[in-house]
Every structure is written in C-alpha cells, then in structure tokens.
Undergrad: 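Sharing a structure, written as structure tokens. Questions coming.
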Amino acid sequence: MHIALDEWKKTPSQVRRYGNYINGAMATSIGGSSIERKSPATDEVVAVWQKGTREDVAQAVDVAVEAFNDGRWSNLTAAERAEVLLKVSGKILENLEALALIEVQETGKTLEQARGEIQFASDMWSYAAGSARALHGDSHTNVGSEKLALVLREPVGPVALITPWNYPLVVLCQKLPYALGAGCTVVVKPSEFTSGTTLELAKILEEAGLPKGVFNIVTGYGDPVGQALAEHTAIRLISFTGSTATGQKIVQASSSNMKKVVLELGGKNPTIVFEDANIEAAIDGAIRGFVWNSGAECCSGSRLYVQRSILESFTRQLVEKLQAVKVGDPLDPTTKMGSINNEPQFNKIRSYIQQGRETATLAFGGNVRSDLPGLFIEPTVFTNVSHDSVIAREEIFGPVAVVIPFDDMQEAIKLANDTQYGLASSVWTSNLNTSLTMSRSIRSGIVWVNTFLDIPTEIPLGGIQQSGFGRENGRFAIEEFTTTKTVVIQNPATTDRFV
Ligand code: NAD
C-alpha cells in the first residue's frame with residue numbers, strides 16, 4: 001500500500017492522484033480530463049481521479065472479457081481464489097487507518113465510523129472466501145437408474161459494479177469479493193465523489209496476488225461511464241447500488257443484451273415505537289436511524305411512527321437527546337455527525353427542510369452550520385406531518401426525520417407499508433406477539449426488532465419493490481454472481497429412441 005499515513009497526517013492537504021486501473025496498471029483516461037475532489041468537511045482538494053469516457057470503458061471491458069475467457073481466474077480452484085480473498089481481508093486491516101482517513105476526507109463521515117466500516121469491509125472478504133469454497137452445484141439421482149442430472153454453478157462472466165458515495169468501500173465489498181469468489185472478472189465504476197478507497201483497493205488486490213486484468217476500474221460520471229457499462233453487451237451482470245431513478249436507467253440499458261441485474265436502491269424506512277418499548281433504547285435507535293452517516297443511509301429510519309399514548313413524552317425526550325449530538329470535525333472523536341457528502345446532496349436536503357418548514361412543525365434543527373468550513377446541517381425533526389406530504393414520502397438521504405403518531409398495531413402496519421419502497425424497518429416493543437406480527441406484516445427486505453442497522457456479514461441484505469432486487473452478503477451473495485447449467489447424462493443403451 002502506498003499511502004504514507006504519517007506523511008498524510010503531517011501534510012493533510014496533500015492531494016492523492018489516480019489513473020483508471022486497467023489490466024493491472026494505472027492509466028490516464030483516453031479523454032485526458034480529470035475530476036478534482038474537495039473534502040466536503042474542509043473544502044480542500046484531497047484527490048484527483050480520471051474523468052472516464054466510453055472509450056475507457058470499452059478498453060476495460062475488453063480486458064475483463066479476455067481475463068474471463070482465458071480462465072486465468074475462473075479456472076482456479078475455489079481454494080486458490082479463497083487464498084487471495086483472505087489475503088485481501090488481512091491487507092485491508094493492515095491499512096485500516098489509512099483507508100479510514102481517505103473515507104473521512106472524501107465523505108466527511110466521522111473517523112470512528114469510517115474505522116468500523118473498514119473492519120466490516122475486511123470481514124466481507126473473509127466471509128466471501130468461505131462462500132467461494134462452500135459454493136457447489138446439485139445432483140439429481142432420482143430421475144432414473146441409468147440417468148444422472150447435475151446442476152452446475154458457473155461464474156456468470158465479466159461483471160460491472162457501480163457504487164454510490166455514502167459507503168464507498170463497504171458497498172464495493174458487498175459485491176466485489178463475492179464476484180471474485182464466484183470466478184467472475186470485474187469492471188468497477190465508483191462514485192465520482194468518492195473513488196479513493198476503490199482505487200487504493202486495486203493496489204491491495206495486486207499485492208494479494210490477483211492476476212492482472214481480473215479487476216479493473218474506470219472512474220468518472222454516471223453518464224458516460226456507468227451508462228456505457230450498463231449498455232455494454234459483453235457484460236453479463238451489473239450490480240448497482242444507488243438511487244431508484246438511476247436503477248431504472250440501468251434496467252433500461254441492460255436490455256441491450258438482457259444482462260442479469262442486481263439492484264440495491266433507495267428507501268424511506270419506518271421506525272415504529274410502541275408504548276411498551278424500552279424508551280431509552282428506542283430513542284437512541286430512532287436518533288441513530290436518521291443521524292448515522294449524516295442520514296445518507298439507504299436503511300435510514302426517516303419515518304418515525306410513535307404510538308399516540310407516548311407521542312408527547314417521546315418527542316420531548318427525542319429532542320432533548322438530540323442536543324447531545326455533536327456536529328462538526330469528523331476527526332474529533334466526540335463528533336457524532338460529520339458533514340454532508342457533496343453539494344448537490346446538501347442543496348437537496350436544504351430544499352426538503354424548506355418544504356418541511358412550509359408544511360409541518362419544525363421540532364428540532366433545520367439550520368445549516370455556517371460556522372463550520374464545509375457542508376454541515378443540523379439533525380432535523382418535523383412533527384405535525386401529513387402522511388401524504390413530500391417529506392413523509394420521498395427519500396431525503398439526509399439527517400431529517402418526520403414523527404407521525406399511530407393508535408394501534410393495525411394502523412402502524414398500514415402506515416409502514418404505505419410506501420413505494422421496501423428496504424428496511426425497525427420496530428421497538430417489549431411484546432413478543434407485537435414483534436412477531438410486525439416482523440411478518442411489514443413489507444421490507446429486513447426488519448429489525450429492538451435494534452437498528454445491525455448487519456452481521458452473515459445476513460443477507462436487499463430490498464423489495466422500488467428498493468430493488470437481489471441480495472448482498474450472507475450465503476446468497478455469491479450465488480448472485482453465478483448461473484446454473486443443467487447437465488443430464490444417460491446411458492445410451494437406455495436412451496429413449498425417437499424413431
Ligand atoms: P446515484 O444513483 O446518483 O449514483 C450511484 C452510482 O450510479 C454513481 O456511481 C453514479 O455515478 C452512477 N450513475 C449515475 N447515473 C448513471 C447512469 N445513467 N448509468 C449508470 N450509472 C450511473 O446515487 P447516489 O446519490 O450516489 O447514492 C445515493 C442513493 O443510493 C440513495 O438513493 C440510497 O438510498 C442508495 N443506496 C442504496 C443502498 C442499498 O443497499 N440499498 C446502499 C447505499 C445507497
């Protein structure tokens with residue numbers, strides 16, 4: 001790894017410069033242009049990467065196709081591939097501090113949180129190494145005594161991974177180790193705001209012994225780079241995490257060759273607090289629900305439903321507790337919320353807050369922290385919110401929650417399910433029956449009961465409805481990157497004769 005952490009600490013404004021990563025080498029974009037990334041927390045330029053073009057994509061895909069077809073990776077045994085993945089897991093940990101600092105620079109999230117994310121990222125490589133070795137097909141021995149049917153699991157081919165800016169390394173590592181574990185070759189397009197850790201990972205993969213050409217990166221904007229990948233007819237699967245609007249474009253583009261699509265999209269997730277809940281835990285969970293990662297969390301619990309009997313005391317305590325959420329310097333260990341990631345997102349959140357001011361009651365926050373150097377906004381809570389209002393229905397992707405009362409469980413279920421999304425939800429109750437009914441009735445990819453954003457690597461993640469389809473992590477993750485082939489073998493002496 002080539003980041004001298006001590007050097008970086010001495011000169012924090014040192015700019016990191018990257019090429020695209022194609023066939024094992026950093027390369028300048030054919031278009032010759034680059035993108036400067038300023039830290040959203042300090043407004044300093046921290047990195048420069050390539051502004052990729054369709055031609056860069058074509059080159060990277062050609063390399064990934066050749067690497068797939070010659071079997072330099074897909075023909076290795078699972079044990080051999082797992083050895084590389086395990087080395088990557090270890091090397092990510094060795095470089096934890098440097099990678100975490102890059103995430104802080106490019107995202108504005110807190111250092112403490114970024115450290116946790118790098119650990120999580122490392123763990124996914126070790127889990128995927130196990131998944132690769134456990135992956136196998138199936139056999140049917142009950143289709144006739146002279147016949148054997150086999151179901152083979154094969155890598156789907158060269159794949160493209162497109163990632164967002166909120167968890168740059170984590171989201172990549174929810175895809176990449178599983179794709180590689182399955183034997184695929186890869187072209188990645190990271191977010192134009194946060195490409196640093198993806199590019200650093202290329203060096204780690206090289207050191208871990210991944211053959212050249214198996215992993216490639218083209219940085220740049222969604223259109224052309226992501227769009228060209230989604231349209232490319234040699235890419236057999238596209239795994240995308242990002243907004244529902246972009247997900248729709250990916251689906252359309254994928255029709256060029258009917259490539260397989262895995263989509264992890266947005267959410268407007270309910271947090272439901274019953275009167276019998278452990279209130280202290282519920283308040284803490286509710287705050288984490290919309291403050292974590294400055295609200296840029298696809299599972300963010302931004303619709304907060306509170307049973308009417310406790311509405312007033314709950315809201316009062318919520319607001320009191322929010323005073324303790326320190327917003328500011330991401331490197332300060334006492335900071336709970338860093339900056340917003342980028343200016344378009346900052347402006348989008350401000351516009352939703354303005355709509356909230358016009359249609360609901362502002363119970364907490366609502367202001368930009370103009371005393372700080374970057375893009376900082378206070379955690380914000382609205383009450384007296386209509387369920388049909390924009391702030392109650394649209395994904396804000398910022399530290400903004402709406403509090404809405406409900407009377408009983410049936411109403412809570414109805415409100416929670418009244419959404420186009422279906423990613424995550426959390427329920428706070430001490431009643432076992434309520435836990436059971438709620439977790440069976442809410443339509444979302446994951447339901448947490450008395451906990452929030454609790455994501456061990458072993459459990460699958462993903463949405464339903466307009467939150468997407470396909471699963472990451474857990475035992476299904478690697479299967480997404482495979483296809484099955486059925487083989488039927490017959491003793492010719494007993495094959496059915498047609499004429
Ligand atoms: P985005 O859709 O704007 O961008 C995501 C990625 O897609 C970026 O790399 C972008 O450059 C690229 N892109 C943009 N236009 C494209 C196009 N036409 N073709 C191909 N690629 C294109 O999303 P974002 O603002 O980076 O991320 C925020 C969104 O991501 C939120 O909606 C959030 O809920 C979602 N998200 C979902 C999950 C999940 O697991 N479900 C996780 C994290 C983020």
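As the structure is a computational prediction, the values presented were derived from the model and not from experiment. Along the sequence shown, residues carry numbers from 1.
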Undergrad: Would one find more than 12 heavy atoms of other residues, nucleotides or ligands at under 6.0 Å from atom NZ of Lys260?
TA: yes
Undergrad: With heavy-atom distances below 4.5 Å as the criterion, would you say the side chains of Glu44 and Gln105 are in contact?
TA: no
Undergrad: Any donor and acceptor pair, going by atom type alone, linking the side chain of Lys189 with main-chain N or O of Gly220 inside 3.5 Å?
TA: yes
Undergrad: Any side-chain donor-acceptor pair under 3.5 Å between Lys175 and Thr163?
TA: no
Undergrad: Do you know which two heavy atoms are closest between Cys173 and Tyr178, and how far apart they sit?
TA: O-CE1, 3.9 Å
Undergrad: Between Glu394 and Tyr352, is any side-chain donor less than 3.5 angstrom from a side-chain acceptor?
TA: yes
Undergrad: Under a 4.5 Å cut-off applied to non-hydrogen side-chain atoms, are Thr219 and Val225 in contact?
TA: no
Undergrad: Quick one, Ser300 and Phe397 - any side-chain contact, counting heavy atoms below 4.5 Å?
TA: no
Undergrad: Side chains of Glu297 and Tyr167: donor-acceptor distance under 3.5 Å anywhere?
TA: yes
Undergrad: Quick one: do Ile377 and Ile353 satisfy side chain to side chain contact (heavy atoms under 4.5 Å, CB included)? Show the steps, please.
TA: CA-CA 10 Å; Ile377 290 182; Ile353 290 176; 3.9 Å; yes
Undergrad: Is the shortest heavy-atom distance from the side chain of Arg37 to the side chain of Glu192 under 4.5 Å?
TA: no
Undergrad: Taking side-chain contact (heavy atoms from CB on, under 4.5 Å) as the definition, give me every residue that meets it alongside Glu83, ordered by chain and number, with sequence neighbours left out.
TA: Lys87
Undergrad: Let me see the working for Phe193 and Glu106 under side chain to side chain contact (heavy atoms under 4.5 Å, CB included), right down to the final yes or no.
TA: CA-CA 7 Å; Phe193 295 111; Glu106 294 178 14; over 6 Å; no
Undergrad: Going by distance alone, is a donor N or O of one side chain under 3.5 Å from an acceptor N or O of the other, for Thr110 and Glu112?
TA: no
Undergrad: Just say parallel, tilted or perpendicular for the rings of His387 and Tyr305, cut-offs at 30° and 60°.
TA: tilted
Undergrad: Just to verify, which of Val61, Val187, Val63 counts as forming a side chain to side chain contact (heavy atoms under 4.5 Å, CB included) with Ile22?
TA: Val63
Undergrad: Counting N and O atoms only, with roles assigned by atom type, does the side chain of Asn473 sit under 3.5 Å from a partner on the main chain of Leu461, one being a donor and the other an acceptor?
TA: no
Undergrad: Compute the ring centroids of Trp73 and Phe215, then answer whether they are less than 6.0 Å apart.
TA: no
Undergrad: Do Asn341 and Asn293 have side chains that approach each other closer than 4.5 Å (heavy atoms only, starting at C-beta)?
TA: no
Undergrad: Mark yes or no for whether Asp62, through its side chain, and Gln59, through its backbone, hold a donor-acceptor pair below 3.5 Å.
TA: no
Undergrad: With a cut-off of 6.0 Å (strictly less than), are more than 12 heavy atoms of other residues, nucleotides or ligands near CZ of Arg133?
TA: no
Undergrad: Consider only side-chain N and O atoms of Gln113 and Glu117, and report whether a donor and an acceptor are under 3.5 Å apart.
TA: yes
Undergrad: Under a 3.5 Å cutoff, is there a donor and acceptor pairing between the side chains of Tyr221 and Gln227?
TA: no
Undergrad: Any side-chain heavy-atom pair from Ser29 and Lys51 closer than 4.5 angstrom?
TA: no
Undergrad: Check for a donor-acceptor pair, side chain of Arg115 on one end and backbone N or O of Leu96 on the other, with a separation under 3.5 Å.
TA: no
Undergrad: If you define the side chain from C-beta out and look only at heavy atoms, does anything of Pro155 sit under 4.5 Å from Phe68?
TA: yes
Undergrad: Would you say Ser89's side chain and Trp125's backbone share a donor-acceptor pair under 3.5 angstrom?
TA: no
Undergrad: Any side-chain donor paired with an acceptor under 3.5 Å for Thr246 and Ser243?
TA: yes
